[in-house]
Amino acid sequence: MTQFDKVARRLESYRNDMTNMQIALCSMPAIAPSSGGEGETKKAEYLMDFLKNNGFQGLSLVKAPDMESPSGYRPNILAYVKGADSSRTIWIMTHTDIVPPGELSMWKGNPYKAWVEEGRIYGRGTEDNHQDMVASLFAAKAFLAEGIKPAFDVGLALVADEETGSDKGIGYVLQNSNPFKKKDIIIVPDAGSEDGRLIEVAEKSILWLKFKTTGKQAHGSTPEKGINSHKAGAYLITELDKLYKVFPEEDPLFDPPRSTFEPTKKEANVPNINTIPGEDVFFTDNRILPSHPVEDVEKEIARMIKRVEQKFGVKVEVEEQQKAAAALPTSPNAEVVRLLKKAITQVYDVRGKAMGIGGGTVAAFFRRAGFPAACWSKIADTAHMPNEYCIIENMLGDAKVFAHVFLQE
Ligand SMILES: [Zn+2]
């Protein structure tokens with residue numbers, strides 16, 4: 001029996017314990033104060049107890065001050081299992097906070113009283129991000145229980161504040177107690193795919209814009225007495241579509257492979273048909289390949305606006321709703337990708353594929369700090385939805401993938 005087989009067998013014996021921990025975690029809702037909750041303190045105390053009782057080493061609690069939270073801080077936990085070689089650490093980072101459940105009538109049961117049904121655990125947070133938090137905790141515990149040393153040190157980071165920006169979570173940890181070394185392997189199981197193949201290594205820049213076009217209101221029968229802001233706004237939307245031609249580059253790492261520039265939300269203008277609208281508001285969601293500076297896109301948009309203003313005699317104000325420049329991608333050939341691919345093939349019998357996504361994973365914090373992190377997990381994709389669930393087989397399988405990575409040299 002190989003060492004991996006021993007650890008995998010041990011993990012199988014944890015199936016009920018893992019499910020019970022999921023249920024316990026759900027009963028301690030960790031919602032950010034800015035979303036109306038009390039933060040993660042209670043959940044962190046429970047997790048610290050688990051880590052202490054199971055022989056984890058080097059425990060530390062990094063407290064990010066937060067006066068809005070009843071405890072006065074947001075807890076970030078670091079814990080280790082010593083490996084054969086301590087020159088590097090294999091990290092699994094998960095987050096303890098959850099998003100609010102939303103409309104309760106949309107749920108089949110109480111989102112904080114998790115329940116098991118047909119191999120799934122239902123409840124808020126079960127997939128995002130308890131599934132892989134529990135998987136990483138038990139994967140490491142299995143090594144301690146079997147008395148098997150991982151190839152390198154194993155580090156678990158259980159961080160706060162992922163859902164509301166990470167300033168008091170991994171952002172704080174990186175700035176204040178940075179425990180990460182350049183050679184470390186960093187896995188963030190907070191994004192993934194249903195078949196378990198997607199290894200996320202890159203993301204596009206995000207640029208969300210609001211366009212407010214001001215013309216002059218008039219009666220629908222005498223448009224010449226006004227300036228139709230809606231017509232000018234609609235014209236601008238078709239102008240903005242030319243961004244696809246201005247930025248046609250493709251990067252096969254991404255699906256879709258090119259930058260996208262899409263009009264999305266539209267605010268209502270006049271409520272009646274026979275008025276020429278004097279004001280018009282629409283929004284665009286732009287996802288830009290990391291090879292293009294976001295500023296280049298903004299400059300091009302400014303030129304298009306100028307043309308529309310001159311053509312129609314309107315004023316167009318553009319306002320940033322969100323702007324996040326993509327971090328430098330992790331190489332598809334990085335060590336973390338190689339280790340994950342081997343483990344995924346062993347456990348799930350599929351080929352892992354390094355890819356970029358549309359944007360917005362917490363791994364970007366590591367990449368900006370110069371660490372080649374990868375996001376990976378096998379998920380049902382129910383995060384943030386009513387009746388969120390975790391497939392128990394995925395929780396166990398992901399634990400085996402982590403264990404496999406811990407054993408690779
Ligand atoms: Zn998450």
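- Here L207 contributes atom CG and T284 contributes atom OG1; the two are 6.5 Å apart, rounded to the nearest 0.5 Å.
- Residues K6 and I148 are in side-chain contact: their nearest non-hydrogen atoms beyond the backbone lie under 4.5 Å apart.
- Annotation: the span from E118 atom CD to I391 atom CD1 amounts to 11.5 Å, rounded to 0.5 Å.
- At least one side-chain heavy atom of I187 sits less than 4.5 Å from a side-chain heavy atom of L340.
- Annotation: side chain of E163 is in contact with side chain of H95 (closest heavy-atom distance under 4.5 Å).
- Separating the CG atom in L61 from the CG atom in L158 is a distance of 10.5 Å, to the nearest 0.5 Å.
- With hydrogens and angles left out, the side-chain atoms of T89 and K181 include a donor and acceptor closer than 3.5 Å.
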| salt bridge (Lys or Arg N to Asp or Glu O under 4.0 Å) assessment of R287 paired with E203 | CA-CA 9 Å; R287 309 285 170 135; E203 55 192 35; over 6 Å; no
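- Not a single side-chain hydrogen bond (donor to acceptor under 3.5 Å, both in side chains) links W107 to another residue, sequence neighbours left out.
- Here the shortest heavy-atom pairing between K378 and D398 reads N-OD2, 3.2 Å.
- Heavy-atom contacts from other residues, nucleotides or ligands closer than 6.0 Å to CD of E250 number more than 12.
- Ring orientation note: the planes of F50 and F138 are tilted relative to one another, at an angle of 30° to 60°.
- Side chain to side chain, N20 and Y14 fail the donor-acceptor criterion of an N or O pair below 3.5 Å.
- Looking at D241 and T238, their side chains never bring a donor and an acceptor atom within 3.5 Å of each other.
- Heavy atoms from other residues, nucleotides or ligands lying under 6.0 Å from NZ of K182 number more than 12.
- Crowding of D349 atom CG: a count of heavy atoms from other residues, nucleotides or ligands under 6.0 Å not exceeding 12.
- Atom NZ of K299 has 12 or fewer heavy atoms from other residues, nucleotides or ligands within 6.0 Å.
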| field | side chain to side chain contact (heavy atoms under 4.5 Å, CB included) between T382 and R120, intermediate numbers included | value | CA-CA 12 Å; T382 61; R120 299 166 172 182; over 6 Å; no
Just list the side-chain donor-acceptor pairs under 3.5 Å for residues 323-334, sequence neighbours left out, or say none.
from : atom 1 : to   : atom 2 : distance (Å)
K323 : NZ     : E295 : OE2    : 3.2
K323 : NZ     : E298 : OE1    : 3.0
T330 : OG1    : R367 : NE     : 3.1
T330 : OG1    : A373 : N      : 3.3
T330 : OG1    : A373 : O      : 2.7
S331 : OG     : N333 : N      : 2.9

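- Using bins of under 30°, 30° to 60° and over 60° for the plane-to-plane angle, the ring pair W115/Y122 lands in the parallel bin.
- To the nearest 0.5 angstrom, F406 atom CZ is 4.5 Å from I92 atom CD1.
- Closest approach of V314 to G215, counting heavy atoms only: CG1-CA, 4.1 Å.
- Within the 3.5 Å criterion, the main-chain N or O of G123 finds a donor-acceptor partner in the side chain of T126.
- More than 12 non-hydrogen atoms from other residues, nucleotides or ligands lie less than 6.0 angstrom from CD of E309.
- The pair K82-D153 meets the salt-bridge criterion, with a side-chain N (NZ, NE, NH1 or NH2) lying under 4.0 Å from an Asp/Glu carboxylate O.
- Inter-residue side-chain proximity for D280 and K266 is flagged as met; some heavy-atom pair is nearer than 4.5 Å.
- Between F211 and F282, the angle of the ring planes stays under 30°, which puts this pair in the parallel group of the 30/60° scheme.
- With contacts defined as side-chain heavy-atom distances shorter than 4.5 Å, the pair H130/C390 does not qualify.
- Judged as a side-chain hydrogen bond (donor to acceptor under 3.5 Å, both in side chains), and not counting sequence neighbours, the contacts of Y244 are E262.
- Side chains of H404 and Q408: a donor-acceptor N/O pair is present below 3.5 angstrom, by distance only.
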